[in-house]
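Let me begin by presenting the structure, written as structure tokens, before commenting on it.
Just so we're on the same page: letters track the sequence lines, and every chain starts at 1.
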Amino acid sequence: MNEPHLVARAQQGDLPAFEELVKKYQREIYNLACRLVQDPEEAKDMAQQTFLQAFIHIREFRHQSQFRTWLFRIAINQCYNFFKTKKKFGEPVDSQEMTIVDEDNPQEGLVAAEDRSRLYAALERLPAKQRAVLTLKLEQGLSYKEISAELGGTAGAARVNFCQAVKSLKKYLKTEEGHDVAMRSYSTETAGLSRR
Amino acid sequence: MTWRCALIQRRLPDYPDGDLSPFWKRRVAAHLEVCPDCRREWEEISEVLRLYQANPLPDPGPAFWQEFQQELHLQLAQANQAPEPARFRLRLPHYLLGATAMAGILALAVYLGPFSRSSTAPGRARPPAEAKAPKVAERRISPPAKMAGSPAPEPSKAASTAEPAEPQFSLAAGHSGGQSKAAAEEQGLLSEDDGLDWDVDSVVADLTREQQQHLKSRLESRR
């Protein structure tokens with residue numbers, strides 16, 4: 001069953017059809033929320049709230065955009081509401097917890113874990129909007145026009161946001177690199193731990 | 001950094017695979033060949049993008065998604081059972097609302113306003129003088145009711161009912177009765193329905209034949 005048919009059935013209140021849509025997009029929505037709120041548990045709540053709001057308001061979806069980008073919009077609004085209400089950005093993603101170390105080649109796994117740790121630490125320092133632009137552009141593959149439809153503003157503003165995000169990330173990665181040299185001994189001790 | 005470098009570096013994150021027009025792709029490529037600073041900047045940006053794309057968020061695992069779907073299913077089922085909030089939404093386009101409201105006002109004005117006097121609805125349009133008549137009718141008892149509630153009238157008393165002592169209620173509406181009726185209408189004491197309320201047969205039912213003949217002769221003589 002194709003997506004427009006599933007959406008049409010979900011608009012008539014068909015819960016199994018909507019759950020098919022949930023299975024199709026749950027990973028993308030969860031990843032977007034995880035990048036934005038930087039907390040797996042909060043991201044899970046945000047993703048569930050996103051699908052719940054989408055189900056409640058699915059009759060207002062007029063097929064003027066893709067269902068996928070409509071979900072992105074709801075998820076971003078949920079995360080912004082989370083920032084407004086909680087007045088905090090939550091705990092950052094614990095990269096050590098989410099790192100899967102390659103058992104066959106632990107040295108490569110160690111390098112990858114360090115890179116990931118640096119990346120997450122640098123991403124944490126970015127504003128939420130720039131994280132959203134990076135995620136939508138690099139992970140979800142949206143164009144600047146689609147990003148501007150998600151986040152507001154124009155396509156040119158989305159391009160400027162993306163450019164600033166990349167430059168800021170480059171700067172923070174350099175500072176994290178210096179910090180990482182000092183912390184390398186600690187990382188070496190903990191790298192052998194797999195996911196808890 | 002020259003102004004040309006600033007112009008090029010704004011587009012480096014989109015080079016070579018991003019949303020760049022063919023014109024800008026050619027221009028950026030030509031500039032990178034001659035400007036080592038911009039080329040170094042582009043290599044660093046490419047390294048950042050490569051690092052980002054090489055480290056996607058790991059999948060939490062099937063157990064996580066199973067728990068996610070179970071929790072979400074409960075929330076969705078609860079939301080599906082909740083009644084949809086009733087919304088008052090006018091289905092008309094906004095540009096027709098003014099015309100609809102104006103038509104409603106005009107219809108109300110025609111029904112209640114000065115145009116209603118020319119309407120042919122029975123009992124709707126009454127002269128102002130007649131408006132007082134129901135109040136008077138409430139104060140008095142209608143003659144048939146009075147007659148039904150009272151014992152059988154004496155012949156002389158029955159005859160006196162036909163006397164023009166109360167001209168506005170008299171059956172004997174002769175030439176003087178017509179004048180008194182007109183006077184009563186002017187005073188608002190008599191409505192046009194009063195003459196129709198009399199049931200002559202019930203009035204004269206209790207009278208003897210002689211009294212009925214007498215009453216008839218009196219009525220004939222006054223007509």
Side-chain angles (χ1 to χ4, degrees), chain A residues 13-15 18-19 22-23 26-27 30-32 34-35 40 43-45 47-53 55-56 59 93 95 97-100 112-113 115-120 122-123 134-135 137-139 143-145 155 158-160 162-174 195, chain B residues 1 5-15 17-21 24 28 37-38 40-87 89:
Chain A
D14 189 353
L15 186 56
F18 185 78
E19 286 180 333
V22 170
K23 286 178 187 172
Q26 60 187 3
R27 284 175 173 77
Y30 173 76
N31 284 347
L32 177 63
C34 212
R35 287 288 191 207
K44 181 182 168 188
D45 288 346
Q48 288 177 341
Q49 283 299 313
T50 297
F51 286 116
L52 184 60
Q53 291 298 318
F55 183 67
I56 291 172
R59 287 181 182 84
V93 175
S95 56
E97 273 194 16
M98 303 192 72
T99 299
I100 301 174
D115 284 348
R116 186 171 301 199
S117 174
R118 280 172 48 219
L119 178 67
Y120 288 162
L123 281 173
L134 278 177
T135 306
K137 177 73 180 165
L138 297 177
E139 294 185 37
S143 66
Y144 289 126
K145 190 176 179 182
R159 178 195 295 275
V160 170
F162 177 68
C163 189
Q164 287 178 345
V166 171
K167 288 185 177 177
S168 301
L169 193 60
K170 179 168 75 75
K171 186 175 74 176
Y172 295 148
L173 277 172
K174 280 184 180 176
R195 291 179 58 194
Chain B
M1 186 169 65
C5 293
L7 206 60
I8 293 295
Q9 287 187 9
R10 262 186 237 165
R11 286 161 175 85
L12 285 181
D14 288 324
Y15 180 79
D17 300 324
D19 294 347
L20 273 187
S21 63
W24 277 106
V28 171
D37 291 340
C38 288
R40 193 182 320 114
E41 178 74 13
W42 173 65
E43 286 170 354
E44 289 176 358
I45 286 175
S46 300
E47 177 64 19
V48 169
L49 295 179
R50 187 203 59 77
L51 180 65
Y52 187 95
Q53 288 174 325
N55 291 285
L57 286 170
D59 193 89
F64 173 87
W65 291 120
Q66 190 174 0
E67 184 187 352
F68 179 90
Q69 286 167 4
Q70 283 175 354
E71 291 176 5
L72 184 61
H73 177 77
L74 291 177
Q75 296 177 21
L76 291 176
Q78 196 174 1
N80 201 21
Q81 288 174 354
E84 189 180 358
R87 292 183 178 180
R89 177 179 290 182

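- To the nearest 0.5 Å, the span separating CG on B:Leu49 from NZ on A:Lys137 amounts to 10.5 Å.
- Between B:Phe64 and A:Tyr30, the ring centre distance stays below 6.0 Å.
- When side chains are defined from C-beta on, A:Lys23 counts as touching B:Gln69, because their heavy atoms get closer than 4.5 Å.
- Heavy-atom distances place the side chain of A:Phe162, and not its backbone, under 4.5 Å from chain B.
- Of the listed residues (A:Arg35, A:Lys167, A:Gln164), the one with the most heavy-atom contacts under 4.5 Å to chain B is A:Arg35.
- Of all the heavy atoms in A:Gly13 and B:Asn80, the pair that sits closest is O-ND2, 3.7 Å.
- Taking CZ of A:Arg118 as the start and CG of B:Leu51 as the end, the distance is 6.0 Å to the nearest 0.5 Å.
- Residues A:Thr135 and B:Tyr52 approach most closely at OG1-OH, 3.3 Å, considering heavy atoms.
- Residues A:Tyr120 and B:Pro56 approach most closely at OH-O, 3.9 Å, considering heavy atoms.
- To the nearest 0.5 angstrom, B:Ile45 atom CD1 is 10.5 Å from A:Leu169 atom CG.
- Heavy-atom distances place both the backbone and the side chain of A:Gln48 under 4.5 Å from chain B.
- A distance of 10.0 Å separates CG in A:Leu134 from CD in B:Gln53, rounded to the nearest 0.5 Å.
- The shortest heavy-atom contact between B:Gln9 and A:Cys163 is O-SG, 4.0 Å.
- Neither the backbone nor the side chain of A:Ala155 comes within less than 4.5 Å of any heavy atom in chain B.
- With a 4.5 Å cut-off on side-chain heavy atoms, A:Lys170 and B:Glu47 do not count as touching.
- For a residue to count as touching a neighbouring chain, one of its non-hydrogen atoms must lie under 4.5 Å from one of that chain's; by this rule A:Leu123 touches chain B with the side chain only.
- In this structure, B:Arg11 fails the cation-pi test against A:Tyr144, since its NZ or CZ atom is not both closer than 6.0 Å to the six-membered ring centre and inside 45 degrees of the ring normal.
- Across A:Phe51 and B:Leu76, no two heavy atoms sit closer than the pair O-CD2, 4.1 Å.
- Of all non-hydrogen atoms in A:Leu15 and B:His73, the two that sit nearest each other are CD2-CE1, 4.2 Å.
- The CD atom of B:Glu71 sits 8.0 Å away from the CG atom of A:Asp45 when rounded to the nearest 0.5 Å.
- Between the A:Arg159 side chain and the B:Arg10 main chain, no donor and acceptor come within less than 3.5 Å of each other.
- Remark: B:Trp65 CH2 to A:Lys44 NZ distance equals 10.0 Å, nearest 0.5 Å.
- Counting only heavy atoms from C-beta outward, the side chains of A:Lys171 and B:Glu44 never approach each other to under 4.5 Å.
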